[in-house]
Undergrad: 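Sharing a structure, written as structure tokens. Questions coming.
Values below: all heavy atoms of this structure, side chains included; hydrogens, waters and symmetry mates excluded.
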Amino acid sequence: MDSLALGADLEPEPVVDEHSTVTLFVNGEETTLTVDHRATVLETLRERFGLTGAKKGCDHGQCGACTVLVDGRRINSCLLLAVTQDGATVTTVEGLADGESLHPVQQAFVERDALQCGFCTPGQICSAVGMLGEAADGHASHVTPPDTETGPVALDADEIRERMSGNLCRCGAYPRIVEAIEDVIE
């Protein structure tokens with residue numbers, strides 16, 4: 001039997017659209033765009049919005065260089081598919097400032113010189129902002145004493161280090177990062 005004749009009775013596979021339209025609220029601005037189903041939030045922010053603060057470090061969610069805030073919570077944007085975030089509010093390091101006035105965490109990082117090469121700094125800052133919100137909302141960490149009452153969690157250096165442990169810094173600016181965050185909570 002002819003090999004071409006074997007496939008003659010097969011119907012072509014249906015064409016599947018690999019794109020969807022989503023609406024994102026990025027740094028206070030609503031944008032509707034069509035995204036590839038495989039595109040991450042990180043790729044979308046960098047390639048479609050031109051927001052290059054969040055970095056692609058490990059691309060596995062282990063370094064925190066891609067950290068942004070989604071609906072006020074910190075996330076690793078390299079792991080989150082953009083198509084799943086329809087209607088979400090995304091805040092990047094570029095969106096934290098109020099006009100010309102830096103966000104208090106950004107200002108503290110500058111004043112404490114809490115950076116060296118700067119690659120991880122946007123993720124560190126977004127993570128710190130998210131972490132402050134989590135503590136204020138009463139979310140415990142691994143080092144929060146078990147007898148802590150409900151309500152805001154007090155942030156000492158141990159709490160800050162634990163909560164920021166998902167953000168790596170190759171330069172070792174950790175002591176200054178902790179000091180900068182302590183400055184904001186004082």
Undergrad: Below 4.5 Å, heavy atoms only, C-beta onward: do Ile160 and Asp156 meet side chain to side chain?
TA: no
Undergrad: Rounded to the nearest 0.5 Å, what's the gap from OG1 on Thr31 to CZ on Phe49? Could you check?
TA: 4.5 Å
Undergrad: Is there a continuous path of hydrophobic side-chain contacts, each under 4.5 Å between heavy atoms, that joins Phe119 to Tyr174?
TA: no
Undergrad: Hey, is the main chain of Cys78 close enough, under 3.5 Å, to the side chain of Asn76 for a donor-acceptor pair?
TA: no
Undergrad: Are Ile125 and Ile181 connected, step by step, through hydrophobic side chains (Ile, Leu, Val, Met, Phe, Trp, Tyr) whose heavy atoms are closer than 4.5 Å?
TA: yes
Undergrad: Does Val129 share a hydrophobic cluster with Leu51, counting links as ILVMFWY side-chain heavy atoms below 4.5 Å and allowing steps through other members?
TA: no
Undergrad: Between His37 and Ser20, is any pair of side-chain heavy atoms under 4.5 Å apart?
TA: yes
Undergrad: What is the minimum heavy-atom distance between Ala54 and Val68, and which atoms define it?
TA: CB-CG1, 3.9 Å
Undergrad: Test: side-chain hydrogen bond (donor to acceptor under 3.5 Å, both in side chains). Region: residues 87-97. Which pairs qualify, not counting sequence neighbours?
TA: Asn27-Thr92, Thr92-Glu94
Undergrad: Which side-chain hydrogen bond (donor to acceptor under 3.5 Å, both in side chains) pairs, counting each pair once, include a residue from residues 95-110, with sequence neighbours left out?
TA: Gln107-Glu111
Undergrad: Consider only side-chain N and O atoms of Arg74 and Ser127, and report whether a donor and an acceptor are under 3.5 Å apart.
TA: yes
Undergrad: First locate atom CD of Gln124, then atom CG of Asn167, and finally report the distance between them rounded to the nearest 0.5 Å.
TA: 4.5 Å
Undergrad: For Lys56, is there an ion pair with Glu43 - N to carboxylate O distance below 4.0 angstrom?
TA: yes
Undergrad: With a 4.5 Å cut-off on side-chain heavy-atom distances among I, L, V, M, F, W and Y, is there a chain of contacts connecting Phe25 to Leu45?
TA: no
Undergrad: Find out whether Arg73 and Val70 are in side-chain contact, i.e. whether some heavy atom of one side chain is under 4.5 Å from a heavy atom of the other.
TA: no
Undergrad: Compare every heavy atom of Gly57 with every heavy atom of Cys63, then report the nearest pair and how far apart it is.
TA: SG-CA, 3.8 Å
Undergrad: Would you mind reporting whether Thr21 and Thr32 have side-chain heavy atoms less than 4.5 Å apart?
TA: yes
Undergrad: Quick check for you: to the nearest 0.5 Å, what is the distance between Glu30 atom CD and Leu24 atom CG?
TA: 9.5 Å
Undergrad: Is a side-chain donor or acceptor of Ser165 paired with a backbone partner of Glu162 at a separation under 3.5 angstrom?
TA: yes
Undergrad: Do you see a donor-acceptor pair shorter than 3.5 Å between the side chains of Glu159 and Ser141?
TA: yes
Undergrad: I'd like to know if the side chain of Asp36 and the backbone of His19 have a donor-acceptor N/O pair within less than 3.5 Å.
TA: no
Undergrad: Just verifying a value: how many Å separate Cys169 SG and Ile177 CD1, rounded to the nearest 0.5 Å?
TA: 5.0 Å
Undergrad: Strictly distance-based, threshold 3.5 Å: is any side-chain N or O of Ser77 a donor or acceptor partner for the main-chain N or O of Cys66?
TA: yes
Undergrad: Can you tell if the side chain of Val22 reaches within under 4.5 Å of the side chain of Gln85, non-hydrogen atoms only?
TA: no
Undergrad: Give me the atom names and distance for the closest heavy-atom approach of Gly123 to Thr67.
TA: O-CB, 3.6 Å
Undergrad: Identify the heavy atoms of Leu79 and Gly61 that sit nearest to each other, and give their distance.
TA: CD1-CA, 3.6 Å
Undergrad: What heavy-atom pair brings Leu69 and Cys126 nearest, and what distance separates the two atoms?
TA: CD2-O, 3.5 Å
Undergrad: Do Leu96 and Val184 share a hydrophobic cluster, counting only Ile, Leu, Val, Met, Phe, Trp and Tyr and linking them when any side-chain heavy atoms are less than 4.5 Å apart?
TA: yes
Undergrad: Ignoring hydrogens and geometry, is there a side-chain-to-backbone donor-acceptor pair from Asp137 to His139 under 3.5 Å?
TA: no
Undergrad: Roughly how far, to the nearest 0.5 Å, is CG of Leu155 from CE of Met164?
TA: 11.0 Å
Undergrad: When rounded to the nearest 0.5 angstrom, what distance separates OG1 in Thr52 from CZ in Arg46?
TA: 5.5 Å
Undergrad: Please report the shortest heavy-atom distance between Ala108 and Ala180, naming the atom on each side.
TA: CB-O, 3.3 Å
Undergrad: Side chains of Arg163 and Leu132: does their closest heavy-atom pair fall under 4.5 Å?
TA: no
Undergrad: Would you check if Leu115 and Val110 make a side-chain contact, meaning some heavy-atom pair closer than 4.5 Å?
TA: no
